[in-house]
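Residues take their numbers from the sequence shown, with the count starting at 1. Just follow the structure's listing: the first ligand is 1, and inside any ligand the first atom is 1.
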Amino acid sequence: MGKATGFMEYTREKPKERNPLTRTNDWKEYSAPFSDEMLSKQGARCMDCGTPFCHMGTELEGTTAGCPINNLIPEWNDLVYRGRWQEALERLLKTNNFPEFTGRVCPAPCEGSCTLAISDPAVTIKSIERTIIDKGFDNGWISPRIPAKRTGKKVAIIGSGPAGLASADQLNQAGHSVTVYERADRPGGLLMYGIPNMKLEKEIVERRINLLNEEGIDFVVNTEVGKDITAEELREQYDSVILCTGAQKQRDLVIEGREAKGIHFAMDYLTTATKSLLDSNFEDGQFIDTKGKDVIVIGGGDTGADCVATALRQECRSVVQFGKHPQLPETRSADNMWPADANVFTMDYAYEEAASKFGSDPRQYSIQTKKVVSDDKGNLKELHTIQMEKLRDETGRFYFEEIPGTEKIWPAQFVFIAIGFEGTEQPLLAQFGVETQNNKVAAVYGEYTTNVEGVYAAGDARRGQSLIVWAINEGREVAREVDRYLMGSSVLP
Ligand SMILES: Cc1cc2nc3c(=O)[nH]c(=O)nc-3n(C[C@H](O)[C@H](O)[C@H](O)COP(=O)(O)OP(=O)(O)OC[C@H]3O[C@@H](n4cnc5c(N)ncnc54)[C@H](O)[C@@H]3O)c2cc1C
Ligand code: SF4
């Protein structure tokens, strides 16, 4: 423990962010780094409590509590306080293949479980993590680690999101020859197409892909397994296959008037915006442009927030986001106790930006869309909504009831549907003969084997739409299981 009284002397500094109004003029990251001096003090706030919950990594009350990859947080907090950055980096890389991603976009369930958070604001763990890895790259402490020996075994990984990349990294370091197949034109999965540039700049993703490539991993892009190459061909050519195909099958809005022109899935909106930015700085016009338009995002989650932030950068005329649930409380409720993640009201980056630009938070709570009305050319004209009340029945289960008299009409030219995902796409799984459960690949957490010998599954494809840090966790673990399958035993964690 660096400074025994640090948590009493220093207060938590909020993660640094660029000005919410002016940052919407560009697509650069909205977060900004801390100074070394500031971070040393933040590291000193860690109490090195006897039983740190921040790195336990589990699920409590249906949400993540602690760090799912069991980052050695108190150890690197101490090293950062002492200015021993290179050692902090070594400790960090023991558990996390890609801290440059999690240090930027992880929702940091570790902070909700920080012991200090029982009585005070948590240690700013995520910002410390980001700074350690950024320093590592800036100072040239990170260079390609080419495996000394090859085992002669070949593994194919389908999907290049964080689960695919983490398993590829682990298996490559174990000496296996790894090929990652990706149907998009750039690797990275949702890190590349999904999470927008202002949350995670794509140079950061490309830097890691290049590093993995230099270390010996092959990336085959623009190739959809199941169409461009069959499951059978892959099984013949490789000793093992891992399905890391994500859970990107989008849930649709079943509603009168859904076919109106101007209604899109959130992922189509976000993906085309990023692709056009990267391909041509929007010169090609291959994106959905909301400039000067009224935008409604349906769905109160993070994907919806990313749509709000994207529309703001495109200079929309107005933007609102509909959520089904009521506003969260300012402080933990009685059924949301530490060390479960705090389920409280926060202002995400997109909402800060909207509030700066338009003077109010864009979120509308407890609202249900009843129907869509188009003009005579089939273009979206307005949404009709009603307010809902969230109630509990006698068994304690929640249900929603419409509140009569709260009907409202909202003019809009664009609607983005962000009401969640239904699981992984099924045709490829059928080609492999892999069994499914609730639209996901049936494979037990910790084992990752499917019913087909040599075929494994990890990440969102197995657990459903989740978090990057869980995808890294599963990618690391599936690599261990595949290594064991190929070699009889494994030293991978
Ligand atoms: C808009 C959005 C924002 C998000 N923001 C955050 C965030 O801020 N923080 C966070 O922690 N999590 C966030 N998430 C969730 C997180 O991105 C995912 O949980 C994570 O990326 C899952 O990783 P994965 O590797 O399992 O799958 P994915 O990242 O979905 O990658 C799967 C890949 O498989 C490819 N693929 C699928 N089928 C085939 C095929 N047949 N052949 C070849 N390739 C194929 C896909 O093209 C895709 O690239 C966000 C999700 C979305 C949708
Ligand atoms: S990966 Fe996420 S949960 Fe783990 S230490 Fe980093 S911010 Fe916290």
Side-chain angles (χ1 to χ4, degrees), residues 54-55 57 64-73 76 92 95-96 98-99 101-114 122-130 132-133 157-167 180-196 199-200 220-229 231 234 243-250 266-267 269-271 274 301-307 310 341 348-349 418 420-421 424-425 427-429 431-432 457-475:
C54 57
H55 67 194
T64 302
C67 175
I69 43 180
N70 314 115
N71 271 343
L72 304 165
I73 298 163
W76 36 262
L92 177 55
T95 54
N96 192 351
F98 314 124
F101 306 150
T102 49
R104 284 174 167 75
V105 293
C106 184
C110 53
E111 295 185 7
S113 306
C114 169
V123 174
T124 175
I125 299 168
K126 176 175 157 182
S127 303
I128 294 177
E129 178 177 32
R130 175 193 166 156
I132 297 171
I133 185 71
I157 296 171
I158 312 174
S160 63
L165 295 180
S167 55
V180 180
Y181 288 89
E182 173 54 58
R183 71 173 163 207
D185 62 340
R186 291 179 172 89
L190 288 171
L191 299 166
M192 176 60 70
Y193 292 131
I195 299 175
K199 263 165 81 178
L200 175 63
V220 182
V221 293
N222 290 313
T223 304
E224 179 163 354
V225 178
K227 281 194 187 147
D228 302 313
I229 178 167
L234 224 57
L243 301 164
C244 294
T245 49
Q248 296 191 25
K249 192 163 178 285
Q250 295 165 93
M267 283 302 293
Y269 179 49
L270 296 173
T271 302
T274 301
D302 292 345
T303 304
D306 291 336
C307 293
T310 302
D341 203 20
D348 199 359
Y349 79 109
F421 296 83
T424 195
E425 294 156 45
L428 176 70
L429 307 184
Q431 218 180 82
F432 273 103
D460 282 4
R462 195 203 66 79
R463 72 185 298 129
Q465 190 68 228
S466 178
L467 297 177
I468 291 164
V469 65
W470 277 116
I472 297 175
N473 162 269
E474 294 211 0

* Just which atoms of ligand 1 are under 4.0 Å from any heavy atom in Val105? -> 7 (C), 8 (O), 9 (N), 10 (C), 11 (O)

* To do: Write out the residue and atom name of the closest protein heavy atom to atom 2 (Fe) of ligand 2, then the distance separating them to 0.1 Å.
  => Cys106 SG, 2.3 Å

* **Sidechain-backbone polar pair: Asn473 side chain, Val469 backbone, donor-acceptor under 3.5 Å** => no

* Structure fact -> Quick look: Met192 vs ligand 1, heavy-atom contacts under 4.0 Å, and the answer is neither

* **Cys244 near ligand 1 by a heavy-atom separation under 4.0 Å** => yes

* With distance as the sole test, does Ser113 use its side chain to make a donor-acceptor pair with the main-chain N or O of Cys110 at under 3.5 Å? -> no

* May I ask whether Asp302 places a heavy atom under 4.0 Å from ligand 1? => no

* Please indicate whether any nitrogen or oxygen in Cys106 is less than 3.5 Å from any nitrogen or oxygen in ligand 1. => no

* Are any of the N/O atoms in Ala247 less than 3.5 Å from those in ligand 1? -> no

* Asked: Which is it for Gln465 and ligand 1 at heavy atoms under 4.0 Å: side chain, backbone, both or neither?
  -> side chain

* Within reach of ligand 1, part of Phe421 (heavy-atom separation under 4.0 Å) -> side chain

* Asp306 and Tyr269: side-chain donor and acceptor closer than 3.5 Å? -> no

* Asked: Counting only heavy atoms, which portion of Asp306 has something under 4.0 Å from ligand 1: side chain, backbone, both, or neither?
  -> side chain

* Just going by heavy-atom distances, which of Pro162, Ala458, Gly161, Gly189 is nearest to atom 21 (O) of ligand 1? -> Pro162

* Pair Arg183 + Glu425, salt bridge at N-O below 4.0 Å -> yes

* Structure fact -> Check: of His55, Arg104, Glu129, Glu111, min heavy-atom distance to atom 7 (S) of ligand 2 comes from Glu129

* Approximate separation, where rounding is to 0.5 Å, of Phe432 CZ and Leu234 CG -> 5.0 Å

* To do: Tell me whether Cys67 has at least one N, O or S atom under 2.8 Å from atom 4 (Fe) of ligand 2.
  => yes

* Asked: N/O to N/O below 3.5 Å, does that happen between Ser466 and ligand 1?
  -> yes

* Asked: Does even one non-hydrogen atom of Leu200 get within less than 4.0 Å of ligand 1?
  -> no

* Location of contacts on Leu428 toward ligand 1, heavy atoms closer than 4.0 Å -> side chain

* Between the side chain of Asn71 and the main-chain N/O of Ile73, is any donor-acceptor distance below 3.5 Å? -> no

* Does Pro107 approach ligand 1 within less than 4.0 angstrom via side chain, backbone, both or neither, non-hydrogen atoms only? -> side chain

* Structure fact -> re atom 47 (O) of ligand 1, the protein heavy-atom contact at minimum distance is Glu182 OE2, 2.7 Å

* Check whether any N or O atom of Lys199, backbone or side chain, sits under 3.5 Å from an N or O atom of ligand 1, and answer yes or no. => yes

* ligand 1 versus Leu270: contacting region, heavy-atom distance under 4.0 Å -> side chain

* Asked: Are Arg463 and Glu474 ion-paired here, with the side-chain N under 4.0 Å from a carboxylate O?
  -> yes

* Asked: Hey, does Ala163 come in under 3.5 Å of ligand 1, counting only N/O atoms on both sides?
  -> yes

* Asked: Does Met267 come within less than 4.0 Å of ligand 1, judged by its heavy atoms?
  -> yes

* Region of Gln248 engaging ligand 1 - heavy atom pairs below 4.0 Å -> side chain

